[in-house]
Amino acid sequence: MYHVVTPQTEAELEAYYQLRWQLLRKPWQQPRGSERDEFDEYAHHRMMVDSQGKLVAVGRLYVSGDEAQIRFMAVDADNRDHGLGTRMVQALEQVARQQGVRRLVMNAREEAVSFYSRCGFTVVGEGPISFGKIPHRQMIKALTSIHQIRHCPELCDALQREWHKRIPITEKMGIKIIQYTGSRFKTKANLTANLNLHDSMFAGSIYSQCVLTGWGLIWLQMQEFGLTGDIVQGSGDIKYHKPVWNEPTAEVRGRLREQLLPLQSGERVSVALTVTLYSGEQAAATFHGRYVILPH
């Protein structure tokens with residue numbers, strides 16, 4: 001059994017970098033420290049362990065806008081030919097999709113080109129020559145929509161613009177829409193932009209993402225049903241279950257048409273929603289909010 005995990009502790013990170021050096025730098029007589037670069041602090045790191053917890057593979061994803069680069073991919077020689085490299089690429093690609101990336105790029109050593117081709121990458125040109133003797137080929141892979149994404153994609157785009165224009169904190173927090181089905185709405189935030197002094201997500205950022213996610217569901221359904229009004233928060237209560245160490249995603253569900261229709265006759269509307277924020281796959285916080293919509 002092999003598992004892809006995120007290094008969390010200092011010991012795990014040290015083991016992760018040690019394997020990176022052993023597999024990718026030591027064979028070429030490169031010193032310790034050469035396995036790191038200035039982007040590591042902001043990148044997504046993954047490693048694979050076996051059933052005994054032994055580290056057998058590493059990989060990194062660095063996101064820049066709509067593009068992300070896979071780098072420092074390596075599998076221990078004793079564990080190759082088991083499909084571990086493919087699993088690591090898939091794990092990094094999943095992170096890229098969650099980040100809204102539209103294209104993956106990488107520089108592959110010539111002997112690895114066929115492997116990445118099987119993973120869906122295409123050679124587009126010559127890459128750098130490492131250490132003066134290892135040629136690479138530049139490869140890319142276009143990514144499709146994140147999930148099924150979206151019901152009413154034009155409204156989702158309009159909401160994203162509305163947030164950035166009228167609620168500037170959303171852009172600073174890196175909040176993006178990742179799914180809207182008509183009744184379920186999901187957002188993500190950039191964990192690195194919302195850290196506290198313990199290197200987990202700041203409680204205020206968790207609260208803000210939850211509030212905005214509930215607000216966003218109401219806004220989208222108002223637009224969908226042709227309704228207008230000002231959405232304000234009436235009250236909110238949040239329970240923090242555990243620290244957020246991984247990608248923060250918030251989800252809310254509801255089909256609000258019947259609750260919102262009184263806006264047509266100029267009535268004030270109150271909507272109660274429950275938003276769950278996840279750290280990776282684990283529920284980390286639950287927000288119960290009441291929103292008031294004031295008719296124009």
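Just the heavy atoms: all of them, side chains too, but no hydrogens, waters or symmetry mates, feed the values below. The first residue in the sequence is number 1, and the count goes up from there.
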Where the side chain of K186 meets the backbone of T249, is there a donor-acceptor pair that is under 3.5 Å apart? no
Sub-4.5 Å side-chain heavy-atom contact between F121 and I70: yes
Got a sec, which pairs hit salt bridge (Lys or Arg N to Asp or Glu O under 4.0 Å) with one end in residues 112-140, sequence neighbours left out? E126-R137
Can you see which heavy atom on A283 is nearest to which on T276, and at what distance? CB-CG2, 4.0 Å
Sub-3.5 Å donor-acceptor pair from the side chain of H136 to the main-chain atoms of P128, do we have one? yes
For A57 and L19, the nearest pair of non-hydrogen atoms, with its separation, is N-CD2, 3.8 Å
Assess whether side chain to side chain contact (heavy atoms under 4.5 Å, CB included) is satisfied between K176 and Q160, documenting all intermediate values. CA-CA 7 Å; K176 292 184 179 180; Q160 193 79 68; 3.9 Å; yes
Gap between atom CG of D230 and atom CG of L263 - 0.5 Å precision: 10.0 Å
Do you reckon W28 sits in the same ILVMFWY cluster as L24, going by side-chain contacts under 4.5 Å, direct or chained? no
Under the rule for salt bridge (charged side-chain N to carboxylate O under 4.0 Å, His left out), what residues qualify as partners of E35, not counting sequence neighbours? R32
Taking atom CD of E10 as the centre, report whether more than 12 heavy atoms of other residues, nucleotides or ligands fall under 6.0 Å from it. no
Transitively linked via ILVMFWY side-chain contacts under 4.5 Å: W21 with M48? no
Hydrophobic cluster identity match, V95 and V58, side-chain contacts under 4.5 Å: no
Donor-acceptor check, side chain of Q22 to backbone of R20, threshold 3.5 angstrom: yes or no? no
4.5 Å side-chain heavy-atom contact, S117 and M139: yes
Hey, are the side chains of K188 and Q99 touching, using non-hydrogen atoms and a 4.5 Å cut-off? yes
When rounded to the nearest 0.5 angstrom, what distance separates CD1 in I167 from CD1 in I169? 9.5 Å
Restricting to side chain to side chain contact (heavy atoms under 4.5 Å, CB included), what partner residues turn up for F202, sequence neighbours left out? N196, S205
What are the two closest non-hydrogen atoms of L220 and C156, and how far apart are they? CD2-N, 4.0 Å
Sequence neighbours left out, what passes side chain to side chain contact (heavy atoms under 4.5 Å, CB included) with Q264? Give chain and number order. L227, L261
How far apart are the C-alpha atoms of E251 and R253, what are their side-chain angles, what is the distance that settles it, and do they pass the side chain to side chain contact (heavy atoms under 4.5 Å, CB included) test? CA-CA 7 Å; E251 178 178 332; R253 300 176 185 233; 2.8 Å; yes
Show me, pair by pair, the donor-acceptor contacts under 3.5 angstrom made by side chains of residues 207-218, not counting sequence neighbours?
unit_1	atom_1	unit_2	atom_2	d
Y207	OH	Q233	NE2	2.8
S208	OG	G204	O	2.9
Q209	NE2	T187	O	3.4
Q209	NE2	T187	OG1	3.2
Q209	NE2	P248	O	3.4
T213	OG1	T187	OG1	2.9
T213	OG1	Q209	O	2.7
W215	NE1	I231	O	3.2

Please list all pairs meeting salt bridge (Lys or Arg N to Asp or Glu O under 4.0 Å) that have one or both residues in residues 43-59, counting only residues at least two apart or in different chains. none
Side chains of M106 and L104: does their closest heavy-atom pair fall under 4.5 Å? no
Let me check something: any side-chain donor-acceptor pairs from residues 238-246 under 3.5 Å, sequence neighbours excluded? List them with distances.
unit_1	atom_1	unit_2	atom_2	d
Y240	OH	A203	O	3.1
H241	NE2	T286	OG1	2.8
N246	OD1	Q8	NE2	3.2

Any sub-3.5 Å donor-acceptor pair from E12's side-chain atoms to T9's backbone N or O? yes
Quick check: does any side chain N or O of N194 sit under 3.5 Å from a backbone N or O of M201, one acting as donor and the other as acceptor? no
When you measure from the side chain of T170 to the backbone N and O of W163, does any donor-acceptor pair fall under 3.5 Å? yes
Would a single hydrophobic cluster contain both V105 and V123, if residues Ile, Leu, Val, Met, Phe, Trp and Tyr are joined by side-chain heavy-atom contacts under 4.5 Å? no
Under the side chain to side chain contact (heavy atoms under 4.5 Å, CB included) rule, what do M222 and I293 come out as? Steps first, then yes or no, please. CA-CA 10 Å; M222 286 176 59; I293 302 95; 3.9 Å; yes
Flag the pair Y116 / R109 as yes when at least one side-chain heavy-atom distance between them is below 4.5 Å, and no otherwise. no
Can you tell me if D199 uses its side chain to pair, donor with acceptor, with the backbone of L195 under 3.5 Å? no
Heavy-atom check, side chain of Q221 versus side chain of L260, under 4.5 Å: yes
Nearest 0.5 Å, please: how far is CZ in R184 from CZ in R255? 14.0 Å
On a heavy-atom basis, which atom in L23 and which in P27 lie closest, and how many Å separate them? O-CG, 3.8 Å
Check side chain to side chain contact (heavy atoms under 4.5 Å, CB included) between A15 and all other residues, then give those that pass, not counting sequence neighbours. L55
Separation between OG of S51 and NE2 of H3, rounded to the nearest 0.5 Å: 7.5 Å
Are the side chains of H45 and T6 in touch, meaning some heavy atoms are under 4.5 Å apart? no
Heavy atoms of other groups near K26 NZ, more than 12 under 6.0 Å: no
Contacts satisfying salt bridge (Lys or Arg N to Asp or Glu O under 4.0 Å) that involve residues 70-92 (not counting sequence neighbours) are D37-R71
With a 4.5 Å limit on heavy-atom distance, are the side chains of L159 and Y180 in contact? no
Going by ring pair (Phe, Tyr, Trp, His ring centres under 6.0 Å), name the residues that satisfy it together with Y62, two or more places apart in sequence or in a different chain. F39
Identify, with sequence neighbours excluded, every residue that meets side chain to side chain contact (heavy atoms under 4.5 Å, CB included) alongside V292. V232, R268, R290, L294
Inspect the surroundings of OH in Y42 and state if more than 12 heavy atoms from other residues, nucleotides or ligands are less than 6.0 Å away. no
Distance-minimising heavy-atom pair for V101 and L143: O-CD1, 3.6 Å
Shortest non-hydrogen contact from G85 to F115? C-CZ, 3.5 Å
Taking H44 for the side chain and L92 for the main chain, is one N or O donor matched with an acceptor at less than 3.5 Å? no
Examine V124 and V89 and state if one hydrophobic cluster contains both, with Ile, Leu, Val, Met, Phe, Trp and Tyr joined whenever side-chain heavy atoms are less than 4.5 Å apart. no
Are R36 and E14 close enough for a salt bridge, meaning some N to O gap below 4.0 Å? yes
Sequence-distant partners of R166, salt bridge (charged side-chain N to carboxylate O under 4.0 Å, His left out), two or more places apart: E162
